[in-house]
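Letters A, B, ... are given to chains in the order of the sequence lines, protein chains preceding strands, and every chain is numbered from 1. What's counted below: heavy atoms across the whole structure, side chains too, no hydrogens, waters or symmetry copies.
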2 protein chains.
Amino acid sequence: MALNTKEQLLEVGLSMLLKHGYNDLGIQALLEATGVPKGSFYHHFGSKEDFALQVVDRYMQEVHQGLEAALQDQTLQPLDRARRFFELSREKYRQDGHLGCMLGALGQELSGVNPTFARKIENCFSVVTRHIAECLEEARQQGQLAPDADPVELANLLLNCWEGAALRSRLLRDPAPLDRMLDFYFAAATRDA
Amino acid sequence: MALNTKEQLLEVGLSMLLKHGYNDLGIQALLEATGVPKGSFYHHFGSKEDFALQVVDRYMQEVHQGLEAALQDQTLQPLDRARRFFELSREKYRQDGHLGCMLGALGQELSGVNPTFARKIENCFSVVTRHIAECLEEARQQGQLAPDADPVELANLLLNCWEGAALRSRLLRDPAPLDRMLDFYFAAATRDA
DNA sequence: TCTCCTAGACCGACCGGTCTATTCAGAATA
DNA sequence: TATTCTGAATAGACCGGTCGGTCTAGGAGA
């Protein structure tokens with residue numbers, strides 16, 4: 001049952017962390033929600049911070065699933081693959097109740113005081129942009145983007161703007177800002193291809 | 001001294017809130033930093049939440065100063081006025097140690113559980129976009145933007161993307177994402193004017 | 001004196017984390 | 001196969017510290 005218990009803590013912890021953020025999530029509340037006793041929690045995790053970092057890892061597993069599903073889809077043009085990834089993310093946000101992106105939320109909450117988390121989240125962003133940049137480079141080679149376009153910078157822009165739209169979507173509990181942002185970005189990026 | 005005490009709490013509270021966020025900011029720490037006794041705090045503020053909401057009001061006063069300084073500058077073209085506002089904001093972030101925008105940080109941290117804050121922050125964003133939209137409408141009329149451009153939507157896009165860049169800037173303690181985002185946005189917005 | 005504000009001791013609740021006892025599946029031994 | 005052994009996992013009482021908030025007393029200006 002050990003694996004199940006840990007998995008359950010991570011899974012329920014993921015949704016609670018998304019809603020409450022880090023500091024507003026009490027261990028006790030998590031244990032009550034899962035029915036897991038405290039001893040088990042501290043058997044599997046060294047501390048609350050360790051736990052949260054592992055939740056982020058789990059979150060990133062899902063992100064990578066989305067990246068793979070979208071960016072490896074050979075039936076789409078490279079640029080459409082990139083857009084597809086964010087549309088998949090939008091659907092995930094919808095399932096979670098329009099709470100936006102956990103990386104953005106934890107990044108904002110913790111990066112002012114906790115360098116470990118700041119590095120962790122920035123590293124996650126950097127990994128995602130790397131994949132997207134590869135995809136955009138392919139788009140550039142196929143003429144979907146201007147020949148002098150910088151895929152790495154374009155990928156960072158895309159992700160950053162997405163995170164801003166995700167914040168607004170969280171505030172409004174409405175996915176509309178996400179779509180508006182994608183429309184604007186892809187129209188702008190392709191205009192002078 | 002009453003006014004001074006309250007002002008001091010708001011001012012020091014502003015910088016501490018920016019760095020720590022809401023839940024990680026203890027009343028006690030604020031009182032130690034200001035030398036104000038607890039009784040005074042609860043004389044001026046009904047609760048921690050009330051205090052934080054007033055800090056946001058104070059933050060918005062500064063935002064409005066920036067809006068006025070930039071958007072009323074008749075020596076600039078309308079579109080340059082809008083850009084100027086964000087450049088002023090960027091300079092403010094720099095002074096604060098590249099911690100980004102307090103609205104974005106509090107919005108991310110609290111909007112999952114606290115509807116009062118969610119509404120408050122969303123309202124702040126909405127007020128800012130309204131001013132920017134007016135400015136963009138002027139730009140449209142002067143031919144700096146396409147005749148069929150939607151100033152309200154463009155203003156929301158601009159602010160949302162800015163907030164995303166501000167998050168990344170906070171993570172990296174580096175203003176570069178802010179400038180990249182402005183370059184991209186204004187190039188895109190003006191291209192088909 | 002009356003009102004506003006300062007002053008800080010004090011409160012119960014809750015926080016993250018520790019500790020010890022117990023359970024239990026499976027390896028080891030015969 | 002029956003028994004013992006062992007370590008991982010469960011279980012929750014318990015800890016000191018800190019949290020936001022209350023209360024009462026004192027001081028200052030009208």
Side-chain angles (χ1 to χ4, degrees), chain A residues 1-58 105-106 109-117 120, chain B residues 1-58 105-106 109-117 120:
Chain A
M1 285 301 134
L3 216 150
N4 276 351
T5 298
K6 185 171 183 180
E7 273 299 299
Q8 196 194 0
L9 286 169
L10 288 172
E11 184 162 330
V12 175
L14 178 56
S15 70
M16 293 184 78
L17 214 51
L18 186 59
K19 178 177 181 184
H20 289 268
Y22 182 81
N23 286 305
D24 190 50
L25 172 60
I27 304 282
Q28 184 118 346
L30 173 68
L31 300 180
E32 281 166 15
T34 52
V36 168
K38 202 167 247 192
S40 301
F41 179 90
Y42 280 99
H43 171 76
H44 292 291
F45 304 102
S47 65
K48 183 187 179 185
E49 178 172 322
D50 173 40
F51 166 72
L53 289 168
Q54 291 196 43
V55 169
V56 171
D57 285 334
R58 195 196 159 86
L106 292 181
E109 180 183 358
L110 298 172
S111 62
V113 270
N114 189 321
T116 303
F117 264 100
K120 177 85 177 181
Chain B
M1 285 303 135
L3 215 150
N4 277 351
T5 298
K6 184 171 183 179
E7 273 300 298
Q8 197 194 358
L9 286 170
L10 288 173
E11 185 162 329
V12 175
L14 179 55
S15 70
M16 294 184 77
L17 214 50
L18 186 58
K19 180 177 179 185
H20 290 268
Y22 182 80
N23 286 305
D24 190 50
L25 172 59
I27 304 284
Q28 184 121 341
L30 172 68
L31 300 178
E32 280 167 15
T34 53
V36 169
K38 203 168 245 193
S40 302
F41 179 91
Y42 279 98
H43 172 75
H44 293 291
F45 304 101
S47 65
K48 182 186 179 185
E49 178 171 321
D50 173 40
F51 166 73
L53 289 168
Q54 290 196 42
V55 169
V56 171
D57 285 335
R58 194 196 161 86
L106 292 182
E109 179 183 0
L110 298 173
S111 61
V113 270
N114 190 321
T116 304
F117 263 100
K120 177 86 175 180

Please list, pair by pair, any protein nitrogen or oxygen found under 3.5 Å from a nitrogen or oxygen in nucleotides 14-16 of chain D.
none

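Across the interface with DNA chain D, nearest-nucleotide mapping of Gly46(B) and Ser40(A) shows Ser40(A) to be the residue nearer the 5′ end.
Between Phe51(B) atom CZ and dG21(D) atom P the separation is 12 Å, expressed in whole Å. Counting to the nearest Å, the C1' atom of dG17(C) and the CG atom of Asp50(A) are 13 Å from each other. One interatomic measurement links the two molecules: CG of Asn4(A) to C1' of dA25(C), which rounds to 15 Å at whole-angstrom precision. The distance between atom CZ of Phe41(B) and atom P of dC10(C), rounded to the nearest whole Å, is 22 Å. Atom-to-atom, CD of Glu32(A) to C1' of dG12(D) comes out at 13 Å; the value is rounded to the nearest Å. Across the protein-nucleic acid pair, His43(B) atom NE2 and dC23(D) atom P stand 16 Å apart, rounded to whole Å. Regarding Glu7(B), its CD atom lies at a distance of 13 Å from the P atom of dC5(C), rounded to whole Å.
The listed nucleotides are dG20(D), dT6(C), dG12(D); the one nearest the side chain of Tyr42(B) is dG20(D).
For Lys120(A), the side-chain hydrogen bond (donor to acceptor under 3.5 Å, both in side chains) partners at least two apart in sequence or on another chain are Asp57(A). Taking Ser15(A) as the reference, nothing meets the side-chain contact (heavy atoms from CB on, under 4.5 Å) condition, with sequence neighbours excluded. The side-chain hydrogen bond (donor to acceptor under 3.5 Å, both in side chains) search around Lys38(A) returns none, not counting sequence neighbours. Partners of Ser40(B) according to the side-chain contact (heavy atoms from CB on, under 4.5 Å) rule, which considers only residues two or more places apart in sequence or in another chain, are Thr5(B), Val36(B), Pro37(B).
The CZ atom of Phe45(A) sits 5.0 Å away from atom CD of Gln54(A), with the distance rounded to the nearest 0.5 Å. Expressed to the nearest 0.5 Å, how far CD of Glu109(A) lies from CG of Asn114(A) amounts to 10.0 Å.
Residues of residues 14-27 of chain B having a heavy atom closer than 4.0 Å to DNA chain D, listed by number: Leu25(B), Gly26(B), Ile27(B).
Look at His44(B) and you won't find any side-chain N or O under 4.0 angstrom from OP1 or OP2 of dC4(C). For the OP1/OP2 pair of dT10(D) and a distance below 4.0 Å, the side-chain nitrogens and oxygens of Thr5(A) include at least one atom meeting the criterion.
For the side-chain contact (heavy atoms from CB on, under 4.5 Å) with Leu106(B), the qualifying choice from Val55(B), Val56(B), Leu53(B), Leu18(B) is Val56(B), the only one to do so.
More than 12 heavy-atom neighbours from other residues, nucleotides or ligands sit within 6.0 angstrom of CD on Glu49(A).
A cation-pi arrangement is found for Lys48(A) relative to Tyr22(A), the charged atom lying closer than 6.0 Å to the ring centre and inside a 45° cone about the ring normal.
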